[in-house]
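Below is one structure, written out as structure tokens; the observations come after it.
Proteins get letters first, then strands, A, B, ... in listed order; numbering begins at 1 in each.
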Amino acid sequence: MALAPNTSQVDDGLKNELAKKGIVVTTMNQLYNWGRRSSIWPMQFGLACCAIEMIATACARYDIARFGAELFRPSPRQADLMIVAGTVTKKMAPQVVRLYNQMAEPKYVITMGACSIAGGPFIDGYNVLRGIDRYIPVDVHLPGCPPRPEALLYGLMELQKKIDGQQIETAEWYQQGLKREYPIPEFGPHGLIPKFNPEVWQPRENDLRKERYGQPIMIGKKSKAPNLDVVAVAAAPRPAAPAPTPPPTPGIA
Amino acid sequence: MNKIFEAKDINLAGINSSLLEVNIGPQHPSTHGVFRMNAVLDGEVIVSLKPVMGYLHRNHEQIAENMSYAASMPYTDRLDYFNSMSNNLGYALSVEKLAGLEVPERAEYIRVIMAELTRLINHIAVIGFLLNDLGAFFTPVLYAFREREKILDIFEEISGSRMMCNYLRFGGVKRDLSPAILERIRGVVTAFPRFLEEFETLLTKNEILCMRCQNVGVLSPELAVNASITGPLLRASGVNYDIRKVDGYSVYPRFQFKVPLGPKGDVYDRYYVRILEMRESLKILDQALSTIPAGEIMSKKMIPFLKSPRNFKPPVGEAYARVEAPKGELGFYVVSDGTPQPWRYHVRAPSFINLTILEDMCLGQKVADAIIILGSVDIVLGEVDR
Ligand code: SF4
């Protein structure tokens, strides 16, 4: 596995010689980050379909325990990593932000699945938030619907790389007076208020989706209900199933 | 939040006690999605329990009403994300009824095979999660998901996706099954009983399981019928109602299988009915695999629409078709106005309607039991809130 950008001054050959004698030369940063990257505790928190793939990742075949991240904690106070696995609806978004605020520093967020990145297949729904990154900062985005368990493992490895690159002296959670809490949106009459948190997200100037695909959903196109009374039952009755004898040519075709 | 219950409503005959309001969810350790319960406790006993839904309301129906018929098929996968194939089947049946399509025989067999495989997946996962709620933290789920992966491999090979298969089409299925895949399905079907034996040896007569589950959350047959409960929940209460038998849709009438019923309707019965149902599913799979005929997999009428699904315009009319999904009666109601989009599209979600009975089952039980009762109802929030 790729380690951090090696900042140690010690020559590699010398290091190897020392390692043969049982002496390890490392920096505080590397040691510390090695500990942190190998024990990321995710929060046990599933929202929709993607959560099932998250559970599958924790199970025997994919076994997220190999990366030290198998300990799913139900409480945000004990978790380092929030995997936003599933569709974030407007009703759920305040709770997600609140859970994020309750997590202890340092905290990381992985958005799993197209839904939590940008609304996914449900982007046109009136109740679906178009991406949780409007309210909280996200470290790794994992596209897919749902992402395969391997993808989640890859996302975790990317997060580990990010952790490796962090320095104790400059890490933001060691700064004095740091308070990474974000305002919790409220559910107003027309969706969430505010619509996004300008600290972490800014709207695009041009709507790429509209430019490329036009308006994919034709809301309000229809105005008149079909008159079902005058229509004779349109569907022909399904043909009765033949007698319950197996067909004459059985066998795997 | 409104106060649901006033302490003075209860006459505790001179005892000076007060009720405690507990909010469970939407984020909670039991693995049932974003579901919230407002429980009022007297000591440890539940005196009132109100489910709060809507945390996963994804506007499935509104989106489907603005799309072509075929485009909603992938969305049905995401209703009950454990059994995408059963959901596909329900939707395909209702549109076929609307348009008067016939399905070739081989496709019907493939559909039945897929629907029964998803039933295996669903029941095995439900039992795993139920035990998770009982306190056997995650170990049973490991066993359950080990088997699930084997079936998901088959799904992946035929449809390209592990969970969201999107495999059925109106008038048939997307791809044919090769003999090699049929052999693999047969391999899973023959190996599955051994796993079930193992699972049952560990669980069925387990003392802890029996003590926690028996006589907990009893649902009387009358109440179940009046509340229009369906699925294993209803059959555990001893009501013989299985839509595969009652409606005989697809080619189910050709197969021999029994409908397992529970004697009492408690959590244990629901667990055991699911185990027995898996055994019956295996029987159906066995028969279907040995008698699957050769032939077409798509109705001739629908082949042109595979390339241009937006030209598919069913005649004006309405149709309701239902299937016995692993969770109960899954129905799709579609009204067509002759345009490429349905005028009205409604899903009768079994877990949503089964959930209405939760309070009646939980009243008078301990708060720890409420979680396993919820687990035994078997809800998936994607389907409850849609
Ligand atoms: S990205 Fe796809 S699988 Fe994941 S929650 Fe959204 S719809 Fe479900």
At what distance, to the nearest 0.5 angstrom, does CZ of B/Arg78 lie from OG1 of A/Thr87?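 Separation between the atoms: 9.5 Å.
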I need the single residue from B/Asp385, B/Val34, B/Leu56, B/Val52 that forms a side chain to side chain contact (heavy atoms under 4.5 Å, CB included) with A/Lys91. Which is it?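 Only one of B/Asp385, B/Val34, B/Leu56, B/Val52 forms a side chain to side chain contact (heavy atoms under 4.5 Å, CB included) with A/Lys91, namely B/Val52.
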Donor-acceptor check, side chain of [X] to backbone of [Y], threshold 3.5 angstrom: yes or no?
X: B/Tyr81; Y: A/Cys50; answer: no
X: A/Lys90; Y: B/Tyr55; answer: no
X: A/Asn127; Y: B/Arg58; answer: no

Quick check on [X] against chain A: is it the side chain, the backbone, both or neither that has a heavy atom closer than 4.5 Å?
X: B/Glu156; answer: side chain
X: B/Arg344; answer: neither
X: B/Val335; answer: side chain
X: B/Ser336; answer: backbone
X: B/Tyr252; answer: neither

Test side chain to side chain contact (heavy atoms under 4.5 Å, CB included) applied to A/Arg61 and B/Arg146, step by step: CA-CA 7 Å; A/Arg61 185 189 273 189; B/Arg146 187 188 65 193; over 6 Å; no
Between [options], which shows the greatest number of heavy-atom pairs under 4.5 Å with chain B?
options: A/Met43, A/Arg73, A/Gln95; result: A/Gln95
options: A/Ser75, A/Gly125, A/Cys49, A/Cys145; result: A/Cys49
options: A/Leu99, A/Ile52, A/Val128; result: A/Ile52
options: A/Pro74, A/Pro146, A/Cys115; result: A/Pro74
options: A/Pro121, A/Ala93, A/Gly46; result: A/Pro121

If you define the side chain from C-beta out and look only at heavy atoms, does anything of [X] sit under 4.5 Å from [Y]?
X: A/Tyr126; Y: B/Ile63; answer: no
X: B/Phe138; Y: A/Ile55; answer: yes
X: A/Pro149; Y: B/Arg162; answer: yes

Would the number of heavy atoms belonging to other residues, nucleotides or ligands and lying under 6.0 Å from [atom1] of [X] be above 12?
X: A/Tyr154; atom1: OH; value: no
X: B/Tyr143; atom1: OH; value: no
X: A/Glu186; atom1: CD; value: no

Ring centroid separation B/His57 to A/Phe122 under 6.0 Å: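 For B/His57 and A/Phe122, the ring centres are not under 6.0 Å apart.
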Most chain A-contacting option - heavy-atom pairs closer than 4.5 Å, from B/Pro26, B/Pro314, B/Gly382, B/Ala144: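 The option with the most such pairs is B/Pro26.
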Residue A/Ala56 versus chain B: region with a heavy atom under 4.5 Å: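 Both parts, heavy atoms under 4.5 Å.
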